[in-house]
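In what follows, every heavy atom counts, from backbone to side chain, and hydrogens, waters and symmetry copies are set aside. Letters A, B, ... are given to chains in the order of the sequence lines, protein chains preceding strands, and every chain is numbered from 1.
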There are 2 protein chains.
Amino acid sequence: MARRDTPQQRSIRDAIESAGRPLSVREIHELALEASPTLGICTVYRVLRRLLDDQLVTTVQLPGQADRYEATSLAAEQHHHFRCEECDRVFNIEALPSGPGSMLPPGFTLVGHEISLWGRCSECATPECATR
Amino acid sequence: MARRDTPQQRSIRDAIESAGRPLSVREIHELALEASPTLGICTVYRVLRRLLDDQLVTTVQLPGQADRYEATSLAAEQHHHFRCEECDRVFNIEALPSGPGSMLPPGFTLVGHEISLWGRCSECATPECATR
DNA sequence: CTAGTTGCAAAGCATTTGCCTGTGG
DNA sequence: CCACAGGCAAATGCTTTGCAACTAG
């Protein structure tokens, strides 16, 4: 149960913490390889799971996209996510109530947006309908 | 190139058109199996692709979720998507500018929402940076 | 020491493709 | 007829797991 500190984990944590934006597993792997050249992708997945368990890292899920991960400290600030269709990078965008895209950084072009909601539907909100 | 009309395709189209909400591949397969008991899942994928090519069906992508599909006629109306965490079904929610969740059907409980943006970042907006 | 960690290879899972049989028009 | 479709099984791509070797503490 006790967590052990290894160079591989340090490489992965460093990659996530120094990025300043949510990273995909591939991006994390590529960045961490510079410091730990033998690092396997499966170790990235395993370390990510531990970091998620320990709440040090937060999952960023976008429509139709593989999960990204960012340091929980960064995730604490209220923001939206902007994905560049060209380079596939995801950026954090300051959240403003004045509608989507109102606070894009200079030079960014908005193509589309999606508002996704989740919770319980009326059938499942009542206890006796717990059976899907 | 010419499209042929087969019972399998009719079953799949019927399932999508009569649902009134976006369906997952699994849901489409299960519904269409009632009318075409030998229908294979790979045929569902192939027919879906054809329907997407012909713009008869639209993809609905939600964060961290497998793609759903709905009739393009339904998709034309401006709406958001609500996924029930219990039964995993996705519903269409009338879009209103007055903030997320303002137009939930009676009995629905909102747990969270996410606003996703996409387009071009400043680096990729300029032609010479087309290389990711 | 020794339990947690790593790296490889194999297993899962969802989706796609190859290939041969079936069939709509 | 025969080109498009369907069904099976194999391939793919991403993520997870089994297992033996390794190592932090």
### Query
How close or far is atom P of C:dA14 from atom CD1 of B:Ile41, stated in whole angstroms?
9 Å
### Query
B:His29 has an atom NE2; how far is it from atom P of C:dC13, in whole Å?
17 Å
### Message
Quick check on DNA chain C: between B:Asp67 and B:Thr6, whose nearest nucleotide comes earlier from the 5' end?
### Response
B:Asp67
### Task
May I ask you to say what A:Leu39 touches in the nucleic acid, namely base, sugar-phosphate or nothing, with a heavy-atom cut-off under 4.0 Å?
sugar-phosphate
### Query
What is the distance, rounded to the nearest whole Å, between atom CG of B:Asp5 and atom C1' of D:dC4?
13 Å
### Task
Could you tell me whether the phosphate oxygens of C:dT6, OP1 or OP2, come under 4.0 Å of any side-chain nitrogen or oxygen in A:Thr43?
no
### Task
Identify, with sequence neighbours excluded, every residue that meets salt bridge (Lys or Arg N to Asp or Glu O under 4.0 Å) alongside B:Arg21.
B:Glu27
### Message
Using whole Å, what does the distance between atom C1' of nucleotide D:dG6 and atom CZ of B:Arg10 come to?
### Response
14 Å
### Query
Does A:Gln9 put a side-chain nitrogen or oxygen below 4.0 Å from OP1 or OP2 of D:dA24?
no
### Query
Does the B:His29 side chain pair with the main chain of B:Leu39, one donor and one acceptor, at a distance under 3.5 Å?
yes
### Message
Checking side-chain polar atoms at under 3.5 Å, does B:Asn92 have a donor or acceptor matched by the opposite partner on B:Glu77?
### Response
no
### Query
Going by the angle between their ring planes, with limits at 30° and 60°, are B:Phe91 and B:Phe82 parallel, tilted or perpendicular?
tilted
Could you run down the sub-3.5 Å N/O contacts of the protein with nucleotides 17-20 of chain D?
unit_1, atom_1, unit_2, atom_2, d
D:dG18, O6, A:Arg46, NH1, 3.3

### Query
Quick one: B:Arg3 CZ to C:dT23 P, roughly how many Å, whole number?
21 Å
#### Entry: Atom pair distance, as rounded to whole Å: CD in A:Gln65 and P in D:dG13
17 Å
### Summary
Residue set satisfying salt bridge (Lys or Arg N to Asp or Glu O under 4.0 Å) with B:Asp5, at least two apart, ordered chain then number -> B:Arg10, B:Arg13
### Task
To the nearest Å, give me how far apart CD (A:Glu30) and P (D:dC14) are.
12 Å
### Summary
Checking D:dG7, D:dA24, C:dG25 against the side chain of B:Arg4 (C-beta onward), the nearest is C:dG25
### Task
Heavy atoms only: give me the nearest B:Leu74-B:His79 pair and the separation to one decimal.
O-CE1, 3.7 Å
### Query
Quick one: B:Leu48 CG to C:dA14 P, roughly how many Å, whole number?
16 Å
#### Entry: Passing candidate, side-chain contact (heavy atoms from CB on, under 4.5 Å) with A:Val57, options A:Ile12, A:Leu23, A:Leu51
A:Leu51
